[in-house]
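The residues of the chain are indexed from 1 along the displayed sequence. All ligand and atom numbering here is 1-based and tracks the order in the structure.
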Amino acid sequence: MNGKIYLDNAATTEMHPDVLEAMLPYFKAQYGNPSSIHGMAKYAREARERARASVAELINAEPKEIYFTSGGTESDNWALKSVAFGNRSKGNHIIVSKIEHHAVMNTCEFLEKNGFEITYIDVDEFGIVDPDDVRKAIRPETTLISVMYANNEIGTIEPISEIGKIAREHGILFHTDAVQAFGHVHIDVKRENIDLLSASAHKLYGPKGAGALYVREGVKLEPLMHGGAQERGTRAGTENVPGIVGMGKAAEIAKRDMDERIAKETELRDHMICRILEEVPFTKLNGHSTRRLSGNVNIAFSFIEGESALMLLNHKGVFVSTGSACASGSLDPSHVLLAIGLKHETAHGSIRFTLSYKTTRGEVDEAVDAVKEAVGRLREMSPLYADHLKIGTNKTEV
Ligand SMILES: *Cc1c(COP(=O)(O)O)cnc(C)c1O
């Protein structure tokens, strides 16, 4: 095997060459501060506004509804904290799903410490939120519902328009963490009744440190960052102009190529899932088989430690992730895999492979071969596996 096979695109992506190209002038000749009065500011302002239009267009929003931030984490923090504190006189109750990203989960924990009550909605075995459960959790004091558009670990796409409809009917604000979905799935904030949406550039072949929050016109948000009058006085700090330009370019390319990318990735995804499930015994797909992101493959391998498999694959130049990148470094199994009902050991034996628009069939096949070998080696060393074979059951229970 030569070179590397990067299958960790849900953690971050390689920048698209056209994105880098579009950004470069704003590091060099066009370094102006958009807030200045002179001519240098004009180009930066114009570039920022073109990017705003591209981001808006990708989700059917208006440019004035897009606010640039430093990424998905800031957008999630801003949406949750500002709605919570800003509506405190109306109520202190927030509804979220049990499988949100840590950017939402840990913000909720902070809000709980500050007197807010959070209801964490269960998901089914595929990671799908039942909109009826959301409806039932609504109280007179509920001010916000936040359910992610698509999950970063298992790729499950949530029933966003149904949840949006319920929120709108009850006059409750609806936020969605769409970091994994932005530019990867067709999003229409108007049709889906979304009030607030978080997006990040680096999950879409754009730069790290650039993101956006969509805020529906008419929704008033207190700033998270106080200072200058940037972003119409709602998000202080000199703009990351190159980052914003990169995000705009990434959005523009995504708009143009989305259908083609989805078709290509879906085919590779399903090929990879089929091969692993057929060729490696005692495996199970985590998440839903069709309601999932086109680039997401997440498999539970019985009788192995995902971390050990990751090391062996790493050695072969195949880069993957166990559970979520954010959970790595801790021994706690992923809250998402536990929420879909996996046992601790099965959660630990799960591996996430995430594809990009550049992933080839050859890479997928090489990766699957490497996985077969790694899993085989680890099982040979596993006393649990030996016991299992002795007992002689053929059940693929995981
Ligand atoms: C990556 C990610 C985030 C955080 O975005 P950053 O831009 O890295 O701060 C939030 N939510 C989800 C679902 C993500 O995948």
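- Within 4.0 Å of ligand 1, contacts by protein heavy atoms are made from Gly71, Gly72, Thr73, Asp76, His101, Met148, Asn152, Asp177, Val179, Gln180, Ser200, His202, Lys203.
- With respect to the salt-bridge test (charged N to carboxylate O, under 4.0 angstrom), the residues Arg50 and Glu252 do not qualify.
- A salt bridge is absent between Asp270 and Arg275: the closest approach of a Lys/Arg side-chain nitrogen to an acidic carboxylate oxygen does not fall below 4.0 angstrom.
- Aromatic ring centroids of Phe303 and Phe282 lie under 6.0 Å apart.
- For the pair Lys81 and Phe110, the distance from NZ or CZ to the six-membered ring centre is under 6.0 Å and the angle to the ring normal is within 45 degrees.
- For Arg45 and Glu49, the salt-bridge test fails: no basic side-chain N is under 4.0 Å from an acidic carboxylate O.
- Taking 4.0 Å as the cut-off between side-chain N and carboxylate O, Lys249 and Glu21 do not count as a salt-bridged pair.
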